[in-house]
Amino acid sequence: MIPIPVVVCVLGGWCAIYLADTLLKSSSSLKASYEDWLVNYGLSVSPFHMRWQTALFNRQFYNWGRWKPRFLYLWFSMGMVFGITAMFGSVILLGKTLMQTLTQMLTEAPTAQNDRMLQVVVPGVNLPVSQLTYFFSAILISGVIHEVGHGVAAIREQVRFNGFGIFIFIVYPGAFVDLFTTHLQLISPVQQLRIFCAGVWHNFVLGVVSFMVLFLLPAFLFPFYYTGVGALVTEVTEDSPANGPRGLFVGDIVTSLQDCPIYGVEDWNSCLGDFSQKSQIGYCINAATLQQLSFPARVYRRLDGTVECCSNSSLTDICFSYNNNLDSHRYACLPARKVIEASRVCRTNADCQKDFVSSFCVTPSLENQTRLIRVKHPPHMDMLFVGHPMHLQYTVSLSSFVPRHNFLSIDLPVVIETFCKYIISLSGALAVINAVPCFALDGQWILNSFLEATLSSLILEKQNRELVGFLILLAGSTLLAANVALGLWMVTAR
């Protein structure tokens, strides 16, 4: 469900804005001056929608639109091809996403949601509050670049440009350009396509540029940060199981998890994912040490069928299972740190036979989803984590970039990485959604111009071509609405 405080803040804020707007417009003494103020600043207010329009940037748009006409012609022609391709591709993608959503609803498979390329994002529900700055900034930048594409392409095709603006709808920011409609109707369908496809084309290019920045970030930051030596801890939440005197601290460099080497954040996530999927690994211990460390304990089974042989109040001991030389399954309560430190990992007793010394592979007897993980972060003592691996992943933030000097921020590379990822995902999503043949989106105008350019010789009557376009738009709008409605229900109601 959407958090109640978020709903209250959004509704309360918009109600206050709309109430103030209504009162000022109904006031006999303030109405004229207030409406003049709105007109002078290009502002308009309506329920859950506020926008600002200006002509301040018109000169800059005209400079861009008249720069290297031949290059711009080739640039927006490539955008036209991409936009038409994206229109068909977006329908296929939305159809696939809808089928995945319906399958998940029917089978109740929680893992299916991670496979979907498109997901409805609701701040405060499936978007952390700490990420809101990245989210809204990326949406605004993607929207501005999108509209710059339309504006420059329109000027290139000799369409009058009236102004540029920014709006807020509920909580989502965006941008728009005001073009002279009569000029748009007078130019050819191919010219219209270059204009209408320019937005999704620019979003695609923005996503590609952001991906290249993300890919080349280690090279860009090489003079200031080095990589490949481990994962740098940047934050440990207060409720994290890694928080404590023998846990992880900001500035620590994690070099391995068990026998899994860590060279960066990707390795950290991959290793923890493997640990959650695979069975618990064991540790080699020789027979003499095993006999010395173990002590008699009562053995009993947990509800999930696993065995416990230590006192529930023990904070240092863990129940281990092993097979003796007679292939008999045994259990021993052992001090975890003494068993694990300076021990090799193993799967069976055969992995521990060395120098003819009798040794056993002892495996922690834990609940099904619980793992014992040794975290190396030299020069500190190894951290021993007991719990679900994903708890460690969600509560510890890391970076692959280690500062070369103490005065450098450990958060700067993370900020750049996160922002690039948001730009890639949101700019790509904006391109896909706008390319859908749907009412009130770019896809509507792309489809209409495409039909005029391709079907005018096959369907002579313009009214019949418009009917074909209407039916396609109706189907596309239904497909998009179904994806949004079901996606929103999956996120908020389940």
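One-based numbering along the sequence shown. Source: prediction; values computed, not measured.
Checked against the 6.0 Å centroid criterion, the rings of H49 and F167 qualify as a close aromatic pair. Centroid-to-centroid, the aromatic rings of F76 and F71 stay 6.0 Å apart or farther.
Atom CH2 of W445 sits in a sparse spot, with 12 or fewer heavy atoms from other residues, nucleotides or ligands closer than 6.0 Å. Around the OH atom of Y34, the shell of radius 6.0 Å holds more than 12 heavy atoms that belong to other residues, nucleotides or ligands. By the 6.0 Å contact criterion, OH on Y263 is open, its count of non-hydrogen atoms from other residues, nucleotides or ligands being 12 or less.
No side-chain heavy atom of N448 sits under 4.5 Å from any side-chain heavy atom of P189. When side chains are defined from C-beta on, P218 does not count as touching Y225, because their heavy atoms never get closer than 4.5 Å. The shortest side-chain heavy-atom distance between N434 and H146 falls under the 4.5 Å cut-off. At a threshold of 4.5 Å between non-hydrogen side-chain atoms, the residues L451 and L447 count as touching. In this structure, M87 and V436 have side chains that are not in contact, with every pair of non-hydrogen atoms separated by 4.5 Å or more. At least one side-chain heavy atom of H380 sits under 4.5 Å from a side-chain heavy atom of D252.
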- Message: Working note: F48 + F169, criterion ring-ring contact (aromatic ring centres under 6.0 Å, His included); need CA distance, chi angles, decisive distance, verdict.
- Response: CA-CA 6 Å; F48 300 104; F169 177 66; 7.8 Å; no
- Message: Quick one, Y41 with W37, criterion ring-ring contact (aromatic ring centres under 6.0 Å, His included). Give me CA distance, side-chain angles, the key distance, then yes/no.
- Response: CA-CA 6 Å; Y41 284 94; W37 179 80; 5.5 Å; yes
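Side-chain N or O atoms of N464 include none that pairs as donor or acceptor with a backbone N or O of L460 at under 3.5 Å. Under a 3.5 Å cut-off, the side chain of T234 and the backbone N or O of S397 do form a donor-acceptor pair. At least one donor-acceptor pair closer than 3.5 Å links the side chain of S477 to the backbone N or O of F439. Checked by atom type and distance alone, the side chain of T454 pairs as donor or acceptor with a backbone atom of F450 at under 3.5 Å. Looking only at distances, no side-chain donor or acceptor of S270 sits under 3.5 Å from a matching main-chain atom of E266.
With 3.5 Å as the limit, one finds a donor-acceptor pair spanning the side chains of N203 and S427. If you check the side chains of N243 and E238, you find no donor sitting under 3.5 Å from an acceptor. No hydrogens or angles considered: nothing links the side chains of H150 and W201 as a donor-acceptor pair under 3.5 Å. Counting only N and O atoms by type, the side chains of Q191 and S188 include a donor and acceptor under 3.5 Å apart.
Screening residues 155-165 for salt bridge (Lys or Arg N to Asp or Glu O under 4.0 Å), with sequence neighbours left out, gives E157-R194.
Salt bridge absent: E35 and K25 never bring a charged side-chain N and a carboxylate O closer than 4.0 Å.
In this structure, F61 and F161 have parallel ring planes: the angle between them is below the 30° cut-off, well short of the 60° mark.
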